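The figures here come from the full heavy-atom set of this structure, side chains too, leaving out hydrogens, waters and symmetry mates. Bear in mind that the values here come from a model prediction, so they are computed numbers and not experimental data.
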Amino acid sequence: MTELANNSGPESAAAHARDALWPNYSPPQDIVFSHGRGSELFTDNGDVYLDFLSGIAVTAFGHAHPHLVQALNSQSEKLWHLSNVFRIPEGERLAARLSENSFAGRVFFANSGTEAIEAGIKAVRGYQVAKGHKEKYRLIGFSDSFHGRTIAAVAASGNPNYIQNFAPTDHGFDQVAWGDIEAVKAAIGEHTAGIIIETVQGEGGIRPVTQAFLSQLRELCDQHGLLLMLDEVQCGVGRTGTLFAHENFGVTPDVLASAKGLGGGFPVGACLTTEEIGQHMVVGTHGSTFGGNPLAMAVGNAVLDLVLEPGLLDDVKRKGAVLREGLENLAASYPTVISTVTGLGLMIGVKCVVPNTDMLTALRANKLLVGKAGDNMVRLLPPLNVSDEHVTQALQTIETVLKQMQ
Ligand SMILES: *Cc1c(COP(=O)(O)O)cnc(C)c1O
């Protein structure tokens, strides 16, 4: 077993070890990173890559940030895990800090985005039942959404690519077209409990909601006694230049799912609710063995220290604007390769004219890591503390690649 797990072993052993995994991912076979620092990743061959993917918006402060390393190390010497049968002061503190800085009054901690979504769906349904509306259990979701990979999360997204063979029955979700308010109105019925939407669609193609659409959803929810649940697993925690993305639009949700950047690379998920909703999630309704454990909570608090540091969020907006303007200029100069630029803050999508996978591969060959997204986009998710020099370097690399591909 040890030999199989060793990547640096003989080629045949490495290939064999790879085959021990499910074939559900397709990483490039020729790159293995050994360590990272800030916005850079290193291989044992001495190659240096600029990381503008951040583990899909997870390593929000880059790799090996000293404050996060310190928080993890010092907690690791004290206490790793207790179970929620005991009080976890670090978690109480993180929940209180998240509440102080958001709409929330109550928080539940999980280990991933999809679990935060599941908790939110239960909170929505649980609230309706607590209010005497047992009949209200359905949620309305939107086309091209991504809410995670558990059964309820794939059902909520309604995306056939994610559902495949796994959720053949009706799990209580209705889907309407992204941005179509008339379709939302038509979908609301006596069984509707709430609406679930990504404030900025990530996997679907870096599409921010419009102010008008989100306000109209809020109004519809208020009119019909529905709850508005935002999926900010990717776009939250400073990514768009505000702590949570909905602050950009001045619209307040009832329930919000967070994860990804919240742990800076340590698995942390959180479901934020108002006091009114969260108070109904009493003993026996929900739980998680690992969720909110002392290690995760220590790192979560350290991430929040960095996000809430004065000036950080403004700096995200400023660097996002620089990156975006640079990309828009490039799009104007190389219209046969890329077209429009979308996004908010440091969550940026570039629509490709060439196949996005070709663009991704060419950028990687030039030591710049980005992601792909739906609608033939590449997505840029640099660390929130990326330096101005690295933003410039990324734009130069992109221009080099655009020249090659035009
Ligand atoms: C990544 C993501 C999820 C799922 O998070 P996991 O941690 O992979 O379970 C849910 N919603 C959005 C918007 C995401 O980007």
Side-chain angles (χ1 to χ4, degrees), residues 84 91-92 94-141 147-148 150 152-153 155-156 171-174 184 188-199 209 214-233 235-237 243-247 249-259 262 268-288 291-292 300:
N84 293 292
E92 294 173 7
L94 183 54
R97 294 175 79 198
L98 286 170
S99 294
E100 277 159 27
N101 289 284
S102 76
F103 73 96
R106 296 266 182 174
V107 179
F108 169 79
F109 290 112
N111 316 286
S112 65
T114 199
E115 286 172 279
I117 292 287
E118 292 273 338
I121 293 167
K122 285 176 75 173
V124 168
R125 290 180 176 168
Y127 175 77
Q128 295 292 9
V129 172
K131 290 282 149 183
H133 292 292
K134 237 187 155 128
E135 77 287 358
K136 294 191 178 190
Y137 67 96
R138 303 190 72 83
L139 277 85
I140 299 172
H147 299 300
T150 55
H171 286 262
F173 297 90
D174 299 297
V184 178
I188 295 173
E190 59 169 324
H191 298 300
T192 309
I195 297 176
I196 178 172
I197 186 166
E198 290 165 83
T199 317
V209 290
L214 197 58
S215 312
Q216 284 171 312
L217 290 182
R218 178 72 269 174
E219 278 168 31
L220 281 177
C221 284
D222 294 343
Q223 273 168 23
H224 295 273
L226 316 179
L227 299 186
L228 180 61
M229 174 171 167
L230 296 181
D231 180 347
E232 296 211 3
V233 170
C235 63
V237 196
L243 180 58
F244 291 108
H246 63 88
E247 296 166 43
F249 306 102
V251 173
T252 307
D254 303 299
V255 177
L256 180 147
S258 178
L262 186 57
V268 184
C271 182
L272 282 62
T273 62
T274 60
E275 164 70 21
E276 167 79 355
I277 295 162
Q279 65 176 336
H280 296 292
M281 299 304 282
V282 295
V283 174
T285 55
H286 199 53
S288 164

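Checked by atom type and distance alone, the side chain of D231 never pairs as donor or acceptor with a backbone atom of I196 at under 3.5 Å. Between the side chain of Q128 and the main chain of A193, a donor-acceptor pair closer than 3.5 Å is present. Side chain of N84 to main chain of G291: a donor-acceptor pair is present (N/O by atom type, distance under 3.5 Å, no hydrogens or angles). Remark: side-chain polar atoms of E190 are not paired, donor with acceptor, to backbone N or O of E135 under 3.5 angstrom.
Across all non-hydrogen atoms, the minimal contact from I277 to A123 is CG2-O, 3.9 Å. Nearest heavy atoms, S258 versus F244: OG-CE2, 4.0 Å. Here the closest non-hydrogen pair linking S288 and N111 is OG-ND2, 3.4 Å. Taking all atoms of both residues into account, the shortest heavy-atom contact from G269 to L262 is C-CD2, 4.4 Å. Nearest heavy atom pair, residue A130 against residue H280, reads CB-ND1, 3.5 Å. Among all heavy-atom pairs drawn from L139 and R125, the shortest one is CD1-NE, 4.1 Å.
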Exercise answer: donor-acceptor pairs, residues 222-230 side-chain atoms, under 3.5 Å, sequence neighbours excluded:
{"unit_1": "D222", "atom_1": "OD1", "unit_2": "R218", "atom_2": "NE", "d": "3.3"}
{"unit_1": "D222", "atom_1": "OD1", "unit_2": "R218", "atom_2": "NH2", "d": "2.9"}

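Atoms OG1 and NZ, from T273 and K122 in turn, are 14.0 Å apart once rounded to the nearest 0.5 Å. Put simply, CD1 on I197 and NE2 on H147 are 8.0 Å apart, with the number rounded to the nearest 0.5 Å. To the nearest 0.5 angstrom, L272 atom CG is 5.0 Å from S102 atom OG. Taking CE of M281 as the reference point, atom CZ of F108 lies at 8.0 Å (rounded to 0.5 Å). To the nearest 0.5 Å, the span separating CZ on F173 from OG1 on T192 amounts to 12.0 Å. Between atom CD of residue E115 and atom SG of residue C271 there is a gap of 11.5 Å, rounded to the nearest 0.5 Å.
The side chain to side chain donor-acceptor pair (under 3.5 Å) search around E275 returns R106, not counting sequence neighbours.
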Evaluate the side chain to side chain contact (heavy atoms under 4.5 Å, CB included) criterion for residues Y127 and T274: first the C-alpha distance (whole Å), next the side-chain angles of each, then the deciding distance (0.1 Å), finally the verdict. CA-CA 11 Å; Y127 175 77; T274 60; over 6 Å; no

Carefully, step by step, assess T199 and F249 under the rule side chain to side chain contact (heavy atoms under 4.5 Å, CB included). CA-CA 9 Å; T199 317; F249 306 102; 3.8 Å; yes

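By the 30° and 60° cut-offs, the orientation of the rings of F103 relative to H246 is perpendicular.
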